[in-house]
Amino acid sequence: MTVRQADPLEDVLTLVGTTSRLSVGLVAGGRWALAFDPPDGVKFNAVRRGHCLLTVDGVPEPIELREGDCFLLVQPRAFTLASGPGVTPAPAGPVFRAAAGGPARVGDGDDVELMSGRFHFGERAGELLFDVLPPVIHVPGSTTEATTVRWALELIAAELRASQPAATLVTEHLALVMLIHLLRLHVATAPGQTSGWLAGLADPVVAPALRAMHADPAHAWTVAELAGVCAVSRSTLAARFKQVVGKGPLEYLTGWRIELAAGRLRDGEATMEAIAREVGYASVSALSNAFKRLTGLAPRDYRNAAGAASRSADAEPVGGV
C-alpha cells in the first residue's frame with residue numbers, strides 16, 4: 001500500500017506552539033565571566049566572533065564554544081559563559097539590564113560577540129520535546145551540516161544591522177527556521193543523545209511507522225499494517241519500536257491521538273464529536289475514556305482548566321531580562 005508520510009518533528013513543534021524572541025547580544029573581551037540564572041524557555045546562544053567557555057549546572061564537562069558555534073539550553077539550568085577557566089563570574093542580570101540601545105558589554109575589549117535568544121513553548125513541550133533531549137545541545141559551526149544554521153544566523157545579523165521595517169518579525173521567523181535545523185542536526189549527528197519519538201526519527205525501521213501514524217492518526221492502524229509500511233515483520237517492528245521509543249507502536253499512537261485532542265481542546269471550540277472523529281475515535285465516550293486514562297481528566301474538565309490557565313497567564317504582567 002502507498003502511505004502518505006508526515007513530519008513528526010513539525011507536528012510536535014506546531015502542537016506545542018513554538019515562538020521565538022531575540023535577546024540583547026553580548027560583547028566581551030579580556031578576562032571575563034558571567035553567571036546566568038536558569039532561563040525561562042529554551043535559551044539559544046551563537047558565537048559570531050571569538051571564543052568562550054560554557055559551563056552548565058549538572059553537565060560534567062565545560063563546552064568550548066568557537067566562532068560559528070551555537071548551543072541550545074533545553075532545560076532550565078543555571079549556566080556560565082566565560083573567557084576561560086578560573087575566572088570568578090559576575091551576575092549576568094545587572095550587565096544585561098544596563099545595556100541601552102545595543103549589546104551588553106563585559107570585560108575589556110570586543111574580541112567576543114554572541115547573539116542570543118529564547119524559544120518559548122506551550123504547556124505540553126516538557127513531556128513531548130524537552131524530556132527526549134539532553135539538557136544542552138552544542139552544534140559546532142565548523143561542521144558541514146551546520147551550513148543552514150550559519151546562513152540563518154547571518155540573515156538574522158543582517159536584519160538587525162539594517163533595521164528594516166518588520167525586522168523583528170523576520171528575525172523571529174528566521175530563529176524558528178534555525179531551531180528546526182538545530183534539532184534536525186542533533187537527531188542526525190547525535191542519535192544516541194535522544195530518546196523516545198525523537199530517537200525513532202533517526203531509526204530506519206521505526207521512522208516510517210512514525211511518519212505514517214502522524215500522516216493519518218485517525219486511521220485504524222494495526223502493527224501488521226505498520227510493519228508493511230516499514231518492510232519488516234510484525235515482530236521486528238514491535239520489538240524495535242519498543243526498544244527505541246520506549247513503548248509499542250499502538251501505545252504511541254494512542255498517546256499521540258490524545259495529544260492532538262488536547263491541543264484541539266486548548267485552542268478551539270470544536271465539539272467533542274468533531275474532535276473524536278479527527279483523532280480516530282468512533283464515539284465521544286471512547287475518546288473520553290482514553291483521554292481520562294492518559295491525562296487523569298475528562299476532556300471537558302481539561303478544556304475548562306486550560307481556559308482558566310490561559311486567562312490567568314494573559315492577566316500576568318510581562319517582564320524580565
Side-chain angles (χ1 to χ4, degrees), residues 9 13 18 20-28 32-85 87 89 92 95-96 103-104 106 111-121 125 129-157 171-172 174-194 198 321:
L9 179 57
L13 289 175
T18 314
S20 65
R21 180 180 180 183
L22 293 176
S23 305
V24 172
L26 175 67
V27 173
W32 61 275
L34 290 177
F36 294 78
D37 293 332
D40 174 25
V42 171
K43 180 71 175 177
F44 155 78
N45 266 288
V47 182
R48 301 205 62 244
R49 183 174 66 248
H51 60 87
C52 60
L53 194 67
L54 167 68
T55 305
V56 179
D57 277 6
V59 176
E61 298 295 328
I63 299 170
E64 292 188 17
L65 299 173
R66 302 190 179 278
E67 187 169 316
D69 287 12
C70 57
F71 72 88
L72 287 174
L73 187 64
V74 177
Q75 298 176 5
R77 300 190 182 196
F79 67 100
T80 300
L81 290 171
S83 57
V87 184
V95 174
F96 279 80
V106 65
D111 50 293
V112 180
E113 180 186 358
L114 292 98
M115 178 188 299
S116 62
R118 295 177 186 176
F119 297 102
H120 294 275
F121 304 85
L129 188 59
F130 303 158
D131 289 353
V132 299
L133 289 168
V136 60
I137 296 174
H138 172 218
V139 177
S142 59
T143 59
T144 56
E145 294 89 351
T147 301
T148 305
V149 175
R150 293 196 299 272
W151 166 83
L153 284 170
E154 288 306 314
L155 282 180
I156 290 171
T171 55
E172 289 177 353
L174 285 169
L176 289 177
V177 170
M178 186 180 59
L179 172 65
I180 292 168
H181 281 279
L182 286 171
L183 292 175
R184 284 178 181 171
L185 269 174
H186 183 69
V187 170
T189 60
Q193 297 181 30
T194 60
L198 200 56
V321 177

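Just so it is clear, the values below take in all heavy atoms, side chains as well, and ignore hydrogens, waters and symmetry mates. Note that this is a predicted model, so its numbers are computed, not measured.
Listed by chain and number, the residues in a salt bridge (charged side-chain N to carboxylate O under 4.0 Å, His left out) with E67 amount to none (sequence neighbours excluded).
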Check your understanding: Given the rule in the side chain to side chain contact (heavy atoms under 4.5 Å, CB included) test, do L182 and I137 qualify, once you have shown the distances and angles that lead to the verdict?
Key -> CA-CA 9 Å; L182 286 171; I137 296 174; 5.8 Å; no
**Study point:** H120/D40 under side chain to side chain contact (heavy atoms under 4.5 Å, CB included): CA gap, chis, key distance, verdict
**Key:** CA-CA 8 Å; H120 294 275; D40 174 25; 3.6 Å; yes
**Study point:** Criterion side chain to side chain contact (heavy atoms under 4.5 Å, CB included) on T148 and R184, from CA distance to verdict
**Key:** CA-CA 11 Å; T148 305; R184 284 178 181 171; over 6 Å; no
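Taking both residues in full, the closest heavy atoms of P38 and A78 are given as CG-N, 3.6 Å, listed atom of the first, atom of the second, then distance. Across all their heavy atoms, P89 and L34 have their closest contact at CB-C, 4.0 Å. Shortest non-hydrogen contact noted between G84 and V87 is O-CG2, 3.8 Å. Contact detail for F96 and V24: the closest heavy-atom pair is CE2-O, 3.4 Å. Counting all heavy atoms, side chain and backbone alike, L176 lies closest to T18 at CD2-CG2, 3.6 Å.
The line from CG of L114 to CG of N45 is 5.5 Å long, rounded to the nearest 0.5 Å. With values rounded to the nearest 0.5 angstrom, D69 atom CG is found 6.5 Å from S142 atom OG. The CG atom of D37 sits 11.0 Å away from atom NZ of K43, with the distance rounded to the nearest 0.5 Å. Atom CG of L198 and atom CG of D131 lie 12.0 Å apart (nearest 0.5 Å).
Using the six-membered ring where Trp is involved, F79 and F36 have ring planes that are parallel, under 30° apart on the 30 and 60° scheme.
No side-chain heavy atom of H181 sits under 4.5 Å from any side-chain heavy atom of M178. Residues S116 and L26 fail the side-chain proximity criterion, which asks for heavy atoms closer than 4.5 Å. Under the 4.5 Å side-chain criterion, counting only non-hydrogen atoms from C-beta, H186 is in contact with P134. Considering only heavy atoms from C-beta on, L183 comes within 4.5 Å of L13 through its side chain. Residues L65 and L81 form a side-chain contact, since some pair of their non-hydrogen atoms from C-beta on lies under 4.5 Å apart. No side-chain heavy atom of R66 sits under 4.5 Å from any side-chain heavy atom of P140. Under the 4.5 Å side-chain criterion, counting only non-hydrogen atoms from C-beta, L72 is in contact with L179.
Within the 3.5 Å criterion, the main-chain N or O of E172 finds a donor-acceptor partner in the side chain of S20. Here the side chain of R150 pairs a donor or acceptor atom with the backbone of G141 at under 3.5 angstrom.
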Would you list the atom pairs, donor with acceptor, under 3.5 Å between side chains in residues 49-56 and any protein atom, with sequence neighbours excluded?
unit_1	atom_1	unit_2	atom_2	d
R49	NE	D110	O	3.1
R49	NH1	E113	OE1	2.8
R49	NH2	D110	O	2.8

